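The shown structure was predicted, so the numbers you read here are calculated from the model rather than taken from an experiment. Remember, it's 1-based here, ligands and their atoms both numbered in the order they're listed.
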Amino acid sequence: MSNQCADVVIAGGGVMGNATAYYLRKKGCSVIVLEEEMLGNGGSSRNGGGVRQSGRDNRELPLAIYGIGNIWPHLSEELGVDIEYHQAGNIKFAKDERGVEFYKKVVEQNLKKGLELRMLNQAETREICPLVSDEIIASCYCPSDGHANALMTTLAFYKRARELGARFITGEKVLSVKLHKGRAKGVITSRGNVYEGDKIIITAGYESRAILNSVHIDVPMRRKLIEVIIIEMQPKIFPMMITIPDYDGGGYGHQTDHGSFVFGGHIPLENYLRPEEKEVTQLITTASNCNQLVSYFPYFKDAKVIRSWSGWTDLCQDEVPVIGNIDEVPGLLTACGFTGHGFGISPAVAACLSELAVDKEPSVDISGLSYSRFIM
Ligand SMILES: Cc1cc2nc3c(=O)[nH]c(=O)nc-3n(C[C@H](O)[C@H](O)[C@H](O)COP(=O)(O)OP(=O)(O)OC[C@H]3O[C@@H](n4cnc5c(N)ncnc54)[C@H](O)[C@@H]3O)c2cc1C
């Protein structure tokens, strides 16, 4: 058993934890990050890499706009690693009037928030994305959205934070938050180790719920499995992120710098996984992803799937995350409940968490994302 101290102790070494450690080190705070398994073990290294503003809830949108305007374009240079960020747009397809009406509302709502987003008719859609099926009658296009390499981003934040002096300890499962006179002052791990800090930040994805429960905080979340397929290398086909609407099965993807194509979505079969299949993709879900992609892009009908994986997301009750100080427990902060769209806002979330941890106003108004919204 050991007892170790830092200004800030973070539970969870995904993109949120690693990026927060980086921004905290830039502010001169000492930081310990505790990770149960491998760094980036959760959704952070398994995700589709979408960095979008379009279609986000109004409470979350300012984080996406801030990140894309101020952080993502310079991140490769700042971290010293090519994270393959491309601001190449995001196009969401409509096959029928229902889709057109749905996206018109998205455009209207996002325009009010100052986001450049527009409807394209069939000809305009085909002009920027010629391989799309003839069945597509319109699309919703956001030119300032984009994508990045999720694994590289997660590890780049880790690498740079570590170079700056953050400590990362793997194999440490945080079980509970330790209180002193009503304040969060540390965490206790399954090995019986205690890590003490002036600020405690919980960024452990869905598992944040159990850790926060130890001090009677309960973020209403459940787990949802997203499945991803990787298609063999292709010549350059299109640069943007593509999105299929949820009401039509859902899915999104992009071509990587390497040429392979990443595509995935929620195939609602997680409740039927056999016990030994904790996070594995199943033949049936891979086939569903393939069908989905080919129905929008017949181009892929003979392409080979070379790999598939899946990952859990932390689906919050109102589909936006809980971010910031937890007023009920001074000294305790969290960022969880990202509902499958946390990667794109991760640098902005981490920057805000680091500001809150040193008692500064966050650069973005995140008041709509506080835990207190659930206290009636
Ligand atoms: C397949 C898939 C596709 C996705 N696609 C996109 C996308 O295109 N765009 C987008 O914006 N978002 C996407 N997401 C969501 C995105 O990946 C997440 O919102 C984001 O990675 C959340 O990061 P995180 O650091 O909060 O959580 P995680 O990446 O889950 O990290 C949490 C870490 O905490 C660790 N941990 C858990 N319990 C404990 C404990 N008790 N003690 C210590 N450590 C613990 C875990 O091992 C893990 O490493 C996708 C997610 C999945 C699964």
Please state which part of [X] comes within less than 4.0 Å of ligand 1, counting heavy atoms only: side chain, backbone, both or neither.
X: Phe343; result: both
X: Asp314; result: neither
X: Ile211; result: side chain
X: Arg46; result: backbone
X: Tyr206; result: neither

Contact atoms of ligand 1, heavy-atom distance to [X] under 4.0 Å:
X: Gly344; result: 10 (C), 11 (O)
X: Thr313; result: 51 (C), 52 (C), 53 (C)
X: Leu34; result: 43 (C), 44 (N)
X: Met16; result: 23 (O), 24 (P), 25 (O), 26 (O)
X: Gly311; result: 53 (C)
X: His341; result: 10 (C), 11 (O), 12 (N), 15 (C)
X: Val228; result: 1 (C)
X: Ala204; result: 32 (C), 34 (O), 36 (N), 37 (C), 38 (N), 39 (C), 45 (C)

Less than 6.0 Å separating the ring centroids of Trp72 and Phe343? yes

To the closest 0.5 Å, what do you measure between CG (Leu369) and CG (Leu63)? 6.5 Å

Going from CG on Asp314 to SG on Cys336, what distance comes out if it is rounded to the nearest 0.5 angstrom? 6.5 Å

Heavy-atom nearest neighbour in the protein, as seen from [atom], with distance rounded to 0.1 Å:
atom: atom 40 (C) of ligand 1; answer: Val174 N, 3.6 Å
atom: atom 14 (N) of ligand 1; answer: Gly340 O, 3.2 Å
atom: atom 35 (C) of ligand 1; answer: Glu35 OE1, 3.1 Å
atom: atom 5 (N) of ligand 1; answer: Tyr252 OH, 2.7 Å
atom: atom 2 (C) of ligand 1; answer: Asn47 CA, 3.6 Å
atom: atom 39 (C) of ligand 1; answer: Glu36 OE1, 3.5 Å
atom: atom 19 (O) of ligand 1; answer: Gly342 N, 3.0 Å

Salt-bridge contact [X]-[Y] (side-chain N to carboxylate O under 4.0 Å):
X: Arg118; Y: Glu116; result: yes
X: Lys199; Y: Asp359; result: yes
X: Asp198; Y: Arg183; result: no

Does an N or O anywhere in [X] fall below 3.5 Å from an N or O of ligand 1?
X: Glu207; value: no
X: Gly17; value: no
X: Lys173; value: no
X: Ile345; value: no
X: Gly48; value: yes
X: Glu227; value: no
X: Val15; value: yes
X: Glu37; value: no

Over 12 foreign heavy atoms within 6.0 Å of [atom1], [X]:
X: Arg162; atom1: CZ; answer: no
X: Lys159; atom1: NZ; answer: yes
X: His74; atom1: NE2; answer: yes
X: Asp246; atom1: CG; answer: no

Given side-chain contact (heavy atoms from CB on, under 4.5 Å), test Ile231 with Ser260 step by step and report yes or no. CA-CA 6 Å; Ile231 291 166; Ser260 58; over 6 Å; no

Out of Gly12, Gly265, Gly50, whose heavy atom is nearest to atom 34 (O) of ligand 1? Gly12

Nearest heavy atom to atom 22 (C) of ligand 1: which of Gly43, Ser45, Gly14, Ser44 does it belong to? Ser44

Evaluation steps, side-chain contact (heavy atoms from CB on, under 4.5 Å), between Ile91 and Thr243: CA-CA 6 Å; Ile91 187 163; Thr243 306; over 6 Å; no

Hey, mind stepping through Phe297 and Phe261 against ring pair (Phe, Tyr, Trp, His ring centres under 6.0 Å) and telling me if it holds? CA-CA 12 Å; Phe297 284 91; Phe261 194 83; 7.2 Å; no

Please determine if Arg46 forms a cation-pi arrangement with Trp309, meaning its NZ or CZ atom is less than 6.0 Å from the six-membered ring centre and no more than 45° off the ring axis. no

Atom of Cys316, atom of Val219 and distance for their closest heavy-atom approach: SG-CG1, 4.2 Å

Side-chain H-bond candidate by donor/acceptor type, Asp145 with Gln87, under 3.5 Å: no

Is a side-chain N or O of Thr339 found less than 3.5 angstrom from the main chain of Gly337, in a donor-acceptor match? yes

Which pairs would a plain distance check flag for residues 93-108, meaning a side-chain donor or acceptor within less than 3.5 Å of a matching protein atom at least two apart in sequence or in another chain?
unit_1 : atom_1 : unit_2 : atom_2 : d
Asp96  : OD1    : Arg98  : N      : 3.3
Asp96  : OD1    : Gly99  : N      : 2.9
Asp96  : OD1    : Tyr247 : OH     : 3.1

Mind checking whether Glu172 has a heavy atom under 4.0 Å from ligand 1? yes

Consider ligand 1: state whether an atom of it lies below 4.0 angstrom from any non-hydrogen atom of Gly49. yes

